[in-house]
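Both backbone and side-chain heavy atoms feed into the values below; hydrogens, waters and symmetry mates do not.
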Amino acid sequence: MKLYIASMFLGDNTNTLKDWIKTHGNRILLVCNARDHKTDRNSEELFNEKNKNILEEVGFKVDYLDLTKYFNDKDSLYKLLDDYKAVFVTGGNVFVLRKAYELSGFDEYLINNKNKDFLYGGYSAGVCILSNTLKGYDLVDPMINPYDNSPINTSGVGLLDFMVCPHFKSLHKETDLVDNMVDYFDKKNIKYITLRDGESLDKEL
């Protein structure tokens with residue numbers, strides 16, 4: 001699997017994505033469930049459309065994937081995913097997103113995916129979720145579950161052996177909270193990377 005890790009939107013390395021499209025096709029699923037706790041649906045539709053437009057500017061043909069439609073129906077989700085080679089996951093609340101992964105089975109799909117021709121891209125919460133644990137991210141995101149009464153999931157998907165600290169030293173409303181998170185990781189001797197808004201990196205698994 002190829003990972004494309006950004007702090008905000010696509011970052012500065014979009015040529016990587018353009019090259020990927022040349023060899024793998026341009027169909028991609030856009031996942032925006034990290035913001036399912038938001039109540040202003042008009043604003044959320046605009047947010048989703050902005051992300052869609054950004055991906056289209058790179059050359060992708062974008063379809064939305066709403067994980068809530070696949071809660072307790074992972075077989076249908078996996079059948080859909082088998083028709084695509086790429087997903088892109090937006091930012092929002094990492095704990096909300098983690099619960100959506102858990103309830104839909106998307107986490108299991110990623111953990112068991114050995115396809116080197118599959119692209120997982122995302123930014124902020126969409127890539128923080130790939131760490132081994134979500135502990136420490138609660139210094140930025142409230143620990144909430146908008147779906148049901150099940151416990152908050154603090155385990156990460158586990159595709160990364162380091163934490164991702166997005167919006168570092170950036171013009172973002174959460175940048176001061178990210179500084180607190182970095183201090184926490186330093187004190188706990190936890191491996192992490194920082195990304196400023198506009199930065200990105202890619203990684204092969």
Side-chain angles (χ1 to χ4, degrees), residues 1-21 28 30-35 37-38 43-44 46-60 62 86-98 101 110 119-144 154 156-205:
M1 188 187 307
K2 185 179 185 65
L3 302 182
Y4 185 86
I5 299 169
S7 177
M8 192 69 187
F9 300 118
L10 295 186
D12 58 1
N13 196 23
T14 56
N15 284 337
T16 296
L17 298 176
K18 293 176 181 177
D19 289 342
W20 192 91
I21 289 173
I28 194 168
L30 175 60
V31 179
C32 304
N33 293 100
R35 295 170 65 95
H37 58 298
K38 302 287 187 179
S43 294
E44 291 312 298
L46 291 174
F47 172 84
N48 296 348
E49 194 69 17
K50 182 175 183 178
N51 282 277
K52 181 175 182 286
N53 291 340
I54 289 171
L55 288 169
E56 288 176 339
E57 288 173 2
V58 173
F60 283 108
V62 182
V87 297
F88 191 86
V89 186
T90 73
N93 184 297
V94 70
F95 297 101
V96 172
L97 187 63
R98 184 66 183 91
Y101 279 27
L110 294 174
L119 170 69
Y120 179 105
Y123 66 87
S124 196
V127 288
C128 290
I129 195 172
L130 301 180
S131 301
N132 285 320
T133 180
L134 305 186
K135 293 179 180 178
Y137 291 137
D138 55 303
L139 296 173
V140 177
D141 287 345
M143 299 175 67
I144 54 177
T154 59
V157 174
L159 299 185
L160 298 176
D161 62 356
F162 54 83
M163 312 296 284
V164 181
C165 301
H167 316 308
F168 182 70
K169 304 299 184 186
S170 302
L171 296 176
H172 190 281
K173 64 181 181 179
E174 294 179 346
T175 192
D176 291 339
L177 296 176
V178 172
D179 285 344
N180 295 336
M181 185 170 65
V182 168
D183 289 342
Y184 171 83
F185 292 150
D186 281 333
K187 290 176 182 177
K188 295 291 185 178
N189 197 29
I190 296 172
K191 186 178 178 182
Y192 67 88
I193 64 166
T194 60
L195 287 174
R196 299 175 186 266
D197 287 352
E199 293 183 330
S200 61
L201 61 91
D202 56 273
K203 179 179 176 65
E204 301 283 347
L205 294 183

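Between the side chain of N13 and the backbone N or O of E199, no donor-acceptor pair lies under 3.5 Å. Proximity of a side-chain donor or acceptor of Y4 to a complementary backbone N or O of L10 within less than 3.5 Å is detected. The main-chain N or O of K169 is found under 3.5 Å from a side-chain atom of R196 such that the two form a donor-acceptor pair. Distance alone, capped at 3.5 Å, places no donor-acceptor pair between the T194 side chain and the F168 backbone.
Here the straight-line distance linking atom CE of M143 with atom CG of L134 works out to 8.0 Å at 0.5 Å rounding. To the nearest 0.5 Å, atoms OG1 (T90) and CZ (F88) are separated by 8.0 Å. Atom NZ of residue K203 and atom CE of residue M1 lie 12.5 Å apart, to the nearest 0.5 angstrom. Remark: H167 NE2 to T175 OG1 distance equals 9.0 Å, nearest 0.5 Å. The structure places CZ of F9 at 4.5 Å from CD1 of I54, a figure rounded to the nearest 0.5 Å. In this structure, CD1 on I5 lies 4.5 Å from CZ on F162, to the nearest 0.5 angstrom.
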Practice problem: Start with the C-alpha gap between E44 and K38, add the side-chain angles, then the distance that decides, and say whether salt bridge (Lys or Arg N to Asp or Glu O under 4.0 Å) holds. | Solution: CA-CA 7 Å; E44 291 312 298; K38 302 287 187 179; 5.8 Å; no
Quiz item: Given the rule in the side-chain hydrogen bond (donor to acceptor under 3.5 Å, both in side chains) test, do N33 and Y101 qualify, once you have shown the distances and angles that lead to the verdict?
Solution: CA-CA 9 Å; N33 293 100; Y101 279 27; over 6 Å; no
Self-check item: From CA spacing to verdict: side-chain contact (heavy atoms from CB on, under 4.5 Å), L17, F60
Solution: CA-CA 9 Å; L17 298 176; F60 283 108; 4.2 Å; yes
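D183 meets the salt bridge (charged side-chain N to carboxylate O under 4.0 Å, His left out) test with no other residue; sequence neighbours excluded. Listed by chain and number, the residues in a salt bridge (charged side-chain N to carboxylate O under 4.0 Å, His left out) with D202 are K2 (sequence neighbours excluded).
Considering all non-hydrogen atoms of both residues, Y184 and G136 come closest at CE2-CA, 3.7 Å. A pairwise comparison of heavy atoms in A6 and G11 identifies CB-N, 4.3 Å as the closest pair. Contact between L30 and N51 at its shortest, heavy atoms only, is CD2-CB, 4.0 Å. Of all the heavy atoms in A34 and G91, the pair that sits closest is CB-O, 3.4 Å. Taking each heavy atom of A86 and W20 in turn, the nearest pair found is CB-CH2, 3.7 Å. Closest non-hydrogen pair, I193 versus L201, comes out as CD1-CD2, 3.5 Å.
Residue pairs meeting the side chain to side chain donor-acceptor pair (under 3.5 Å) criterion with at least one partner in residues 127-142, sequence neighbours excluded, are S131-Y137.
Only one option out of V94, L160, V89, V164 pairs with I129 in a side chain to side chain contact (heavy atoms under 4.5 Å, CB included); it is V94.
For L46, the CG atom counts as densely surrounded, since its 6.0 Å shell holds more than 12 non-hydrogen atoms of other residues, nucleotides or ligands.
With a 4.5 Å cut-off on side-chain heavy atoms, Y120 and L205 do not count as touching. Between I21 and V58, the closest side-chain pair of non-hydrogen atoms falls below 4.5 Å.
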